[in-house]
Structure formats: structure tokens, C-alpha cells
4 protein chains.
Amino acid sequence: MEQRTTSLTDPDSARGKLLQAAAELFRTKGYDRTTVRDIANAVGILSGSIFHHFKTKDDILGAVMEESVNSLLVRMESALAEIDTPVARLRAMIRCELESIQGENGHALAVLVYEWRSLSPENQQKLLHIREAYEQLWLTEFTGATEHLKPGIEPFVLRRFLSGSLYWTTYWYKESGALTLSDLTEMALKLILK
Amino acid sequence: MEQRTTSLTDPDSARGKLLQAAAELFRTKGYDRTTVRDIANAVGILSGSIFHHFKTKDDILGAVMEESVNSLLVRMESALAEIDTPVARLRAMIRCELESIQGENGHALAVLVYEWRSLSPENQQKLLHIREAYEQLWLTEFTGATEHLKPGIEPFVLRRFLSGSLYWTTYWYKESGALTLSDLTEMALKLILK
Amino acid sequence: MEQRTTSLTDPDSARGKLLQAAAELFRTKGYDRTTVRDIANAVGILSGSIFHHFKTKDDILGAVMEESVNSLLVRMESALAEIDTPVARLRAMIRCELESIQGENGHALAVLVYEWRSLSPENQQKLLHIREAYEQLWLTEFTGATEHLKPGIEPFVLRRFLSGSLYWTTYWYKESGALTLSDLTEMALKLILK
Amino acid sequence: MEQRTTSLTDPDSARGKLLQAAAELFRTKGYDRTTVRDIANAVGILSGSIFHHFKTKDDILGAVMEESVNSLLVRMESALAEIDTPVARLRAMIRCELESIQGENGHALAVLVYEWRSLSPENQQKLLHIREAYEQLWLTEFTGATEHLKPGIEPFVLRRFLSGSLYWTTYWYKESGALTLSDLTEMALKLILK
DNA sequence: GATGAATGAGGATTCATTCAT
DNA sequence: CATGAATGAATCCTCATTCAT
């Protein structure tokens with residue numbers, strides 16, 4: 001019930017389905033406007049039954065966030081495994097982050113990003129080190145690619161500009177349109193390159 | 001009681017103080033977690049009394065947002081009045097938006113940006129044309145500056161990247177640090193220029 | 001709303017009526033089995049309205065208890081004012097405690113006695129010094145009457161035997177029967193005297 | 001599964017261990033604040049499994065109470081078997097009741113006494129005759145010892161004073177202190193004797 | 001305009017109980 | 001017998017909103 005490891009929850013388990021549904025609802029309606037009943041309804045159980053799987057609503061949020069970083073981390077690692085050149089690596093990372101933000105695989109990084117302050121301090125604490133590790137990954141990569149990056153903007157600021165740009169896509173980008181995720185990736189890459 | 005014009009509310013009036021307090025609370029705690037009582041307390045009246053000034057809590061949010069765009073529009077207009085060159089105009093606009101996002105002058109664009117979905121559809125409707133007018137302003141300016149902008153990114157995408165970059169500063173930038181608002185402005189400008 | 005002094009709450013005020021009703025319910029059904037709705041119904045308001053007067057259900061319990069000791073203290077003081085001889089003073093004290101236990105004036109000492117562990121540690125803390133002061137009063141009186149008391153039982157044990165005897169009357173004594181409160185008082189007095 | 005006889009449950013059986021744990025919890029936390037899960041945890045099974053042994057939580061309470069009177073009755077009978085003089089018999093009975101109240105042998109008379117109103121009317125009915133038989137025992141003994149008892153207090157009142165005194169010890173007496181159970185017995189005896 | 005008591009519709013959470021495995 | 005997921009009713013509490021004074 002509490003299982004806080006790097007491994008991902010089986011998406012077919014009750015817990016997995018709950019997490020999936022919660023992520024979707026938190027992303028679209030926001031944490032506060034999503035009721036426990038909403039989540040329960042979404043997976044076809046009654047609201048009281050949720051508390052068999054999670055102690056509190058806050059814990060659901062925490063678990064959703066944890067899943068999203070873990071999933072992102074796993075996918076990024078495997079994506080980077082076979083890539084050598086700095087620019088190609090950046091492209092892969094941007095792509096991964098974009099996919100996560102858009103909620104592919106039901107693991108919405110957007111929830112982690114935009115509902116962070118809804119999470120209780122205790123659960124924030126638990127997630128802080130993963131978040132930091134993740135950002136460290138980016139900074140390392142940026143440092144390794146300095147010569148290709150836009151000059152005149154400090155790397156950590158540039159990363160934050162990029163974050164903001166990608167995070168913000170939740171509010172305007174829909175994959176169905178003329179603009180593919182690849183197009184978007186390419187443009188975001190251009191944004192930070194020389 | 002509901003006065004919806006382009007003119008700004010007198011900040012010394014009861015309504016003005018309420019709006020100021022609400023903006024600050026919405027920005028820091030979020031709309032849902034801010035109670036009407038919180039707002040009332042902040043200006044030293046009781047919660048029931050708020051409803052002499054606003055029909056609903058949703059209307060307060062609407063008014064806060066309206067004030068923030070209006071204030072931004074006013075300030076941007078006056079800033080642009082004496083500037084001719086495209087790049088300088090973009091710099092001024094970025095500067096204005098950054099100030100609004102950071103909540104300078106008590107007008108928090110951040111609330112408009114991040115609490116938009118908390119606003120009722122009816123009030124969203126009312127604000128839509130102002131928001132669009134504002135975005136049109138940017139697009140026009142971008143179009144006029146095409147030759148200076150980073151190539152390969154469609155203007156409307158570039159504007160959204162910029163928006164995201166600037167909006168996101170709420171979550172990491174504090175003016176007290178080593179980085180001044182001017183520094184930030186300059187870097188954001190570099191981001192979109194060739 | 002929090003007013004924790006020695007003065008008693010006006011029994012005609014909303015708070016007073018609430019306290020009265022709660023005391024009665026706590027005494028007859030017990031704290032846990034009494035719902036906030038029960039209390040509200042008893043005074044003709046809705047359950048939500050209770051929280052205008054008390055922050056939590058636990059605070060209601062605390063207030064009921066406080067009122068009961070205070071009321072007892074006040075009545076005891078006035079009863080003792082004109083009495084000099086040790087035995088007569090003990091009789092008066094027993095009478096006062098019996099009246100309080102039986103819930104005369106709606107201030108049920110029985111609640112303080114039998115629901116003590118239902119009270120939150122924080123509120124227990126607040127009441128502890130009053131309870132102790134009250135017991136001290138008895139001990140002082142017992143010490144002053146040593147020669148009239150049953151020998152062979154340590155005073156503090158004797159007081160506790162008496163407490164238990166009187167507290168227990170809630171469960172079997174009804175004033176309507178053949179046994180008057182005066183009879184009971186006299187018998188309880190005999191119990192502890194030589 | 002519901003075996004309601006005068007014989008005591010084998011303390012090593014599942015039912016026996018459950019009863020023991022429940023008694024302890026009911027005595028310390030109270031019936032309402034003890035969850036079925038608490039009881040299950042205490043004996044190392046899951047909450048659902050309890051219902052293989054008892055139909056309802058109320059039945060557990062009933063069984064605990066039944067065990068406690070039965071155990072008391074058994075012990076009292078054997079204690080009285082070899083005693084002839086009235087005063088000695090009273091002493092033995094007081095001792096037995098004190099032991100039961102204090103929860104010796106895991107059989108808590110305190111639960112029967114203080115949680116009586118938590119028991120459903122149906123189960124109260126079932127236990128009533130045992131309780132009455134028990135009280136009859138006392139009254140008979142009191143009647144046989146009239147000449148040694150404190151005069152001026154009707155026997156049934158005196159018995160209730162004694163009950164209250166002994167029951168109340170749960171709230172203040174700990175066997176670890178300077179006062180032994182024998183001391184307490186002697187003092188309680190003195191209380192009712194001439 | 002302000003007050004503050006009251007409303008009433010929810011909201012998160014608890015818990016005894018059931019039942020298929 | 002035990003499990004553990006699910007039930008569903010009930011509980012305390014919150015909060016935007018109303019309204020008589």
C-alpha cells in the first residue's frame with residue numbers, strides 16, 4: 001500500500017488504475033476540484049474503497065507525482081542509452097519531457113508541475129530528492145553541451161526557460177493538430193541552441 | 001457594484017483593497033485554498049461583508065483577473081508609446097509582462113494565467129476578448145519583428161514558448177537575488193532573438 | 001467563542017443552549033454516540049451552524065466540562081460561606097456534588113467524570129488545574145475534619161471512595177423515587193463519618 | 001459459534017485470545033474508540049476474519065461481559081466455599097470484585113460496568129439475569145451481616161456505595177504503588193462496617 | 001455598508017460488515 | 001478458517017452565501 005520505490009505500479013492493478021484515473025482528473029480539473037468520489041467513480045468503485053489503497057487524498061497526489069517522475073526517469077534513461085552526441089541527447093530529453101507533460105501513458109508530469117503546492121509538506125519532502133536528481137540530470141547535460149547552447153543566458157536560467165516553455169504546452173498543445181510532437185521537439189531544441 | 005470597464009479600480013477604495021488582498025492570496029495559496037474569510041480578514045472586515053462588493057467568490061476572481069490584464073495593457077501601452085525599434089519594443093513588452101507576473105503593483109498576472117480554469121465559464125467568456133486582444137498585440141509585434149526573431153520556429157509557437165518561460169518565473173525567481181529583473185528581461189529577449 | 005474564564009455562560013445565549021443540550025446528550029448517550037447533528041437538532045439549528053460557536057466537537061466537550069466544574073465551584077463556595085462546623089461543611093459539599101452529578105441546572109458533572117478520556121489531551125491539559133484545585137478543596141476539608149472521619153482509611157482513599165459512591169449514583173438513582181436527595185446526602189455522610 | 005453457557009472460554013483458543021484482547025482494549029480505550037481492526041491486529045489476524053468467530057462487534061462486547069461475570073462468579077464461589085464468618089465472607093467478596101475490576105486474569109469487570117450502555121438492548125437482555133443473580137448474592141450476604149454493617153444506611157444503598165467505590169478504583173488505583181490490593185480491600189471493608 | 005448567526009450542500013475519512021477466492 | 005478488496009452509511013467539518021438587525 002505504501003511501496004515507495006523506483007519501480008512502477010502495475011497499471012492493471014487496482015492501485016494502478018486508481019493512479020491513472022487520478023492523474024487524468026488532477027490534470028484536467030485540478031487537485032482541489034477533483035473529489036475522491038470522482039476518482040472512485042472513474043474506476044467503478046465507491047469512494048470509501050479508495051482508502052483501502054491510499055491513506056489520504058494527499059497520498060494519492062503524492063503517488064501520482066512519484067509515478068510520473070519515475071516513469072519519466074525510466075524512459076529518459078532508456079532513450080539516452082544509445083545516444084552519444086550532445087545535441088541528440090538534448091533532443092531526446094526534450095522529447096521525453098514533452099511526452100510526459102502531455103500525459104502519454106497516463107503519467108502526467110503536468111500534475112507534478114502544476115499541483116506541487118497542493119501536496120502536503122510531508123509528501124513534498126519525500127519527493128524533493130527525486131525532483132532534484134532529475135533537474136541535476138538536465139544541468140549536467142546542459143553543461144556538457146555548453147558550446148552548442150545559446151550564449152548570454154546562464155545555463156540554469158536557460159533550463160528554466162525551457163521548462164516553462166515545455167510545461168506550458170499543456171495549456172495550448174493538442175497532438176491531434178498539424179503540429180506533431182516531433183515538430184514541437186525540434187522547435188524547442190532550436191529555442192535553446194545557438 | 002459590478003463595474004466592468006477598462007478603467008482601473010481606485011486602490012484606496014474598499015473594492016480596491018479587497019482586490020489587492022484577493023490577488024495576493026490567490027497568487028500564493030491558489031484560488032481554491034483561499035477562503036472568502038481569508039480575504040475578508042486580510043482587509044479587516046467580516047466574511048459576510050464581502051458580498052456587498054462582489055456577488056460571488058467567482059466574481060472576485062474575475063475582477064482580479066480583469067484588473068491584471070487592464071493594468072498590464074495600460075502599462076504596456078504607455079511603455080510602447082515612445083519606442084520605435086522592433087527589438088526595443090519587444091524588450092519593453094517582456095519587461096512589462098515579467099513585472100505583472102511577479103506581482104509588482106499588486107496586480108498578479110499569475111492569477112490570470114494559473115487560475116484560469118478555476119474561473120466559471122461565464123466569467124471566462126467575459127474576459128476572453130481582452131485576453132485575445134492582448135495576445136494579438138504580441139503577435140502583431142512578433143510579425144513586425146520577424147527578421148530579428150529566431151528562424152525555424154513559427155511565431156505563434158515562439159510566443160507561447162516565451163509565455164511559458166516568463167509565466168514559469170513565478171515558481172523560481174525572486175527579485176531579491178543576484179539576478180535583477182533587467183537581467184531576466186535581457187535573457188528572455190535573447191531567447192527569442194536570432 | 002473561546003472564553004475560558006470562571007464565569008458561567010449565559011444559559012439563554014446560543015452557546016448556553018448548545019452547552020445545555022450537549023451536556024444532556026453526552027450524559028445519556030455518551031460522547032461518542034452523540035453526533036454533532038444530535039446536538040444541533042436539540043436546539044433547532046443545523047449541524048454546520050454549531051461550528052460558529054465551537055471549533056470542534058471536542059471543544060464542546062471541553063466547554064461542557066468546564067462549565068460543570070465552574071458551576072459546581074460557584075455553588076459550593078456560596079454554600080460553604082455561612083457554614084462553620086466541619087461536619088456541616090462536609091454535608092454541604094456532598095450535597096453540592098450530588099446535585100451536580102445528577103445534572104441539576106443542566107451542568108452534568110457526570111460528563112466530566114465519565115467522559116474524561118474522550119477529551120483530547122490538549123483540552124485535558126487545560127482543565128487539569130481546575131480539577132486539581134477542586135480535589136484540593138476536598139482534601140483540605142477532610143484534613144480539617146480528621147477527628148470526625150472513619151479511622152483506618154487514609155484521607156485520600158476515603159475521598160476516592162466517596163467520589164466513586166457519589167459518581168455511581170448516576171447509574172441507579174432517580175430523584176423521583178422514595179429516596180430524596182437529602183436522604184442520599186445523609187447516607188453518604190454517614191459512610192465517611194466515624 | 002455463539003456458545004452462551006456458564007463455562008469459560010478456553011483462553012488458548014482463537015475465541016479466547018480474541019476475547020482477552022478485546023477486553024483489554026475496551027477497558028483502556030473504550031468500546032466506541034476500539035475498532036474491530038484494533039482487536040484483530042492485537043491477535044495477529046485481519047479484521048475480516050473476526051466475523052468467523054463473532055457475528056457482530058456488539059457480540060464481542062457481550063461475550064467479554066459474559067466472561068467477566070462468569071469468571072467473577074466462579075472465583076467468588078470457590079473463595080467463599082471455605083469461609084464461614086460474615087465479615088470474612090464480605091472481605092473475600094470485596095477482594096474478588098477488586099481483582100476483577102482491576103482486570104486481573106484478563107477478565108475486566110470494568111468493561112461490564114462502564115460500557116453497559118454501549119451494549120445493544122438485545123444483548124443487555126441476555127446478560128440481565130446473570131447481573132441480577134450476582135447482585136442478589138451481595139444483597140443476601142449483606143442481609144446476613146446486618147449487625148456488622150454501618151447502621152443508618154439501607155443495605156441496597158450501602159451496596160451501591162460500595163460498588164461505586166470499588167468500580168471507581170479503575171481510574172486511580174495502580175497495583176504497582178505503595179497501596180496493595182489487600183490494603184485496599186481492608187479499607188473498603190472498613191468503609192461498610194460499623 | 002457592516003455584522004454575525006445561520007444555512008445547506010458537499011467533502012474527506014472511518015468503520016462494521018460482506019464475500020469471493 | 002483466513003484473506004483483503006469492496007461496501008455504504010455515517011461522521012465531523014468546511015465554506016460560499018444569505019439576511020435580519
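Lettering follows sequence order; numbering is per chain, from 1.
With sequence neighbours left out, the salt bridge (Lys or Arg N to Asp or Glu O under 4.0 Å) criterion links A:D32 to B:R33. Shown here are the side-chain hydrogen bond (donor to acceptor under 3.5 Å, both in side chains) partners of C:Q125, two or more places apart in sequence or in another chain: there are none. Taking the salt bridge (Lys or Arg N to Asp or Glu O under 4.0 Å) definition, one finds that B:R131 meets it with nothing, sequence neighbours left out.
In this entry the distance linking NZ of C:K17 with C1' of E:dA5 reads 12 Å, nearest Å. Atoms CZ (A:F54) and P (E:dT14) sit 15 Å apart, rounded to a whole Å. For the pair C:I45 CD1 and E:dA6 P, the interatomic distance rounds to 6 Å; values are reported in whole Å. When the C1' atom of E:dT14 is taken as reference, atom CG of D:D38 falls 12 Å away, rounded to whole Å. As a whole-Å value, the separation of B:L46 CG from E:dA5 C1' is 11 Å. What separates CG of C:N41 from P of F:dA10 is a distance of 14 Å, to the nearest Å. Here F:dC12 presents its P atom at 14 Å from CG of C:D59, a figure rounded to the nearest Å.
The side chain of B:H53 places an N or O atom within less than 4.0 Å of a non-bridging phosphate oxygen (OP1 or OP2) of E:dA2.
Of the listed residues (A:V111, A:D58, A:I60, A:L119), just one forms a side-chain contact (heavy atoms from CB on, under 4.5 Å) with A:Y31, and that residue is A:D58.
To the nearest 0.5 angstrom, C:I50 atom CD1 is 15.0 Å from C:K55 atom NZ.
Listed for the C:K126 side chain is no donor-acceptor partner under 3.5 Å among the backbone atoms of C:E66. Judged purely by atom type and a 3.5 angstrom limit, A:T34 uses its side chain to pair as donor or acceptor with the backbone of A:G30.
Remark: aromatic rings of A:Y171 and A:Y114 are close, center separation under 6.0 Å.
Under the salt bridge (Lys or Arg N to Asp or Glu O under 4.0 Å) criterion, the residue pairs touching residues 35-44 of chain D are D:K29-D:D38, with sequence neighbours excluded.
Map D:I50 and A:G44 each onto its nearest nucleotide of DNA chain F; the residue landing nearer the 5' end is D:I50.
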DNA chain E in dot-bracket form (Watson-Crick or G-U pairs under 3.5 Å, [ ] crossing, | inter-strand) is .||||||||||||||||||||
Sugar-phosphate means primed atoms, P, OP1 and OP2; the rest is base. With that split, encode nucleotides 15-21 of chain E 5' to 3' as B, S or - using protein heavy atoms under 4.0 Å.
SSBB---
